[in-house]
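The structure under discussion appears below in the form of structure tokens.
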Amino acid sequence: MNHVVRNPRSVLHALDPRGWNTPDVESLLSYFCRLALSHSVSVTSLSRIVVREMGSELREGFDWHERNLSGLGEAAEAWAGALAALTSVGHLDRLTLLPWRQVIAQRGLAAKGGRWCPECLEEDRSSGASPYFRLAWDIAAVTTCHKHHASLVDVCPDCGRPGARHRATYVVPGWCTHCGGFLGRRASQSQATVSPEAMWTARQIGLLLSAQCDSTIEPTREGLRTAIGELVARLDQGKSASFARRVGLGKGTVHHWVKVGGVPTLDASLRIALHAGLPLPKLLAGDLGEWSVPSAIAQRELDLGSVGIRRAPRDLDWESMRAELARLAALPVPISVAQAAQRLSVDRRHLYLQANKEARILGERWKRYVRSRGAEVRARARPYIEAACRALIQEGRAITLRELEARVPHDILSSVEHLFDMLQNIKQELDAN
């Protein structure tokens with residue numbers, strides 16, 4: 001349930017942020033979605049209130065999800081400030097990466113698309129709390145859940161479509177915005193082995209997010225510059241070129257940081273932290289007080305690659321992939337083209353370009369499966385919804401979504417796609433009778 005702190009001076013509900021002071025701290029995007037849900041309005045409607053607080057207006061065709069609310073740019077700062085003013089909840093900038101904007105470059109920071117860990121969402125629901133989106137899920141470097149040691153996903157397990165997490169006018173965190181299915185379970189497929197590098201990165205980002213909830217954290221560019229200079233001096237006798245080779249960076253890049261004061265990307269800072277044996281938040285805060293040159297760096301066994309070095313293109317065996325697509329098309333439970341692309345680690349557009357026939361067969365089978373299952377779901381849910389509508393009419397109450405939510409089990413109501421069309425048909429039938 002959403003915990004609301006009663007505050008008569010706030011325009012909007014003063015929701016408590018979730019996961020405060022932990023690696024699972026909530027993202028500002030999630031907070032915004034839960035706030036809209038708490039007021040029973042669309043996220044677009046709430047966007048108008050927030051933008052008005054910022055002294056602006058929504059442009060025509062505005063898509064609220066185009067804003068990078070979890071980053072460290074102007075949008076994150078403006079929306080965090082506006083939501084803090086409207087809710088009277090302070091420090092909402094700690095639901096973004098704004099505390100580190102002096103020491104992390106924006107390039108390559110944000111993840112593409114909305115990802116999530118199904119096990120985390122399932123834990124939220126099992127504990128009786130409303131599911132929410134973690135800030136770590138919106139960081140490109142994080143591909144794995146630090147808690148469950150499993151890869152993050154971006155495809156709905158029910159409808160098989162990407163963009164299912166929050167790209168919609170109405171968003172209920174934890175449920176697909178396309179089909180209404182719960183996102184807290186994995187699709188029926190074997191999971192790829194998570195690499196030690198991915199787990200190490202997830203843990204370091206977790207430490208970073210835990211540390212940033214401390215309002216006294218104020219990392220500075222000069223502090224980071226001094227720290228990197230000391231690392232170069234103590235690890236490689238002040239030789240920037242040697243240090244650059246150690247961490248897999250260009251020597252000009254390291255020279256620029258030390259001499260000019262440039263800001264490293266998050267990926268570059270992770271490499272420095274790895275080879276120096278430093279926790280990431282201590283590096284970015286310039287805290288080398290308890291650090292000493294390690295005699296043997298165990299982290300050298302990990303390989304984060306090299307920044308700025310283009311990897312060799314992947315050689316794809318399309319004959320084998322076509323055979324695998326044919327095998328997937330014969331599975332007892334159909335899967336979508338997006339799910340197949342995820343299994344094969346390729347972009348789904350490439351499947352249509354290079355294996356058009358097999359991809360189309362897979363897609364058509366999936367569409368028939370979705371239609372059949374949708375009909376079954378509607379048939380199962382209709383008696384519940386129709387009974388609730390009859391009761392509301394007998395009581396002289398209006399048939400609204402809020403009234404239905406109080407009378408129909410959530411798992412049944414949320415599973416119905418095109419719910420308003422079903423309600424319209426039921427109303428017409430009841431009026432005719």
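- Between F32 and W79, the gap from one ring centroid to the other is short of 6.0 Å.
- A salt bridge is absent between E364 and R360; no separation between the charged side-chain nitrogens and carboxylate oxygens falls under 4.0 Å.
- Using a 4.5 Å heavy-atom cutoff, the side chains of L29 and Y132 are not in contact.
- When every heavy atom of T177 is checked against every heavy atom of V171, the shortest pair comes out as CG2-CG2, 4.4 Å.
- Between the side chains of S70 and D138, at least one donor-acceptor pair of N or O atoms lies under 3.5 Å.
- Atom CD in Q204 sits 9.5 Å away from atom CG in L283 (nearest 0.5 Å).
- Under 4.0 Å is where a charged nitrogen must lie from a carboxylate oxygen, and between E222 and R225 at least one such pair does.
- More than 12 heavy atoms of other residues, nucleotides or ligands shown are found within 6.0 angstrom of OH on Y369.
- Looking at S38, its side chain never comes within 3.5 Å of a backbone N or O of R34 through a donor-acceptor pair.
- Within the model, atoms CD1 of I49 and OG1 of T44 stand 11.5 Å from one another, a figure rounded to the nearest 0.5 Å.
- Side-chain contact of E122 with S126: a donor-acceptor pair under 3.5 Å is present, judged by distance alone.
- At most 12 non-hydrogen atoms from other residues, nucleotides or ligands lie less than 6.0 angstrom from CZ of R349.
- Look at D124 and R134 and you find a salt bridge, because one of the NZ, NE, NH1 or NH2 atoms lies within 4.0 Å of a carboxylate O, short of that distance.
- Remark: T265 OG1 to L249 CG distance equals 7.5 Å, nearest 0.5 Å.
- A side-chain donor-acceptor contact under 3.5 Å links S45 and S42.
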Stepwise side-chain contact (heavy atoms from CB on, under 4.5 Å) check, V103 with T220
CA-CA 6 Å; V103 292; T220 64; 5.8 Å; no
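- Looking at E119 and C145, their side chains never come closer than 4.5 Å, going by heavy atoms from C-beta outward.
- Within the model, atoms CG of L209 and OG of S27 stand 10.5 Å from one another, a figure rounded to the nearest 0.5 Å.
- Side-chain atoms of R322 come within 3.5 Å of backbone atoms of Q354 as a donor-acceptor pair (strictly under, hydrogens ignored).
- Inter-residue side-chain proximity for P118 and P157 is flagged as unmet; no heavy-atom pair is nearer than 4.5 Å.
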What's the verdict on side-chain contact (heavy atoms from CB on, under 4.5 Å) for L72 and L109, showing C-alpha distance, side-chain angles and the deciding distance?
CA-CA 9 Å; L72 40 76; L109 184 61; 3.7 Å; yes
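- Stacking of R165 on the aromatic ring of F133 is recorded, both the 6.0 Å distance cut-off and the 45° axial limit being met.
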Going through the checks in order, is the side-chain contact (heavy atoms from CB on, under 4.5 Å) test met by H91 and W20?
CA-CA 11 Å; H91 303 302; W20 192 259; 3.9 Å; yes
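- Using a 4.5 Å heavy-atom threshold, the side chains of E358 and M321 count as separate.
- We find that K147 and E123 are joined by a salt bridge, their nearest charged nitrogen and carboxylate oxygen being less than 4.0 Å apart.
- Residues H146 and D24 bring a donor and an acceptor atom of their side chains to less than 3.5 Å of each other.
- A donor and an acceptor atom, one from each side chain of S240 and H255, are nowhere located under 3.5 Å apart.
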Derivation of the salt bridge (charged side-chain N to carboxylate O under 4.0 Å, His left out) call for E376 and R380
CA-CA 6 Å; E376 293 175 0; R380 180 171 65 92; over 6 Å; no
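- Screening residues 283-293 for side chain to side chain donor-acceptor pair (under 3.5 Å) gives K282-D287 as the qualifying pairs, with residues at least two apart or on separate chains.
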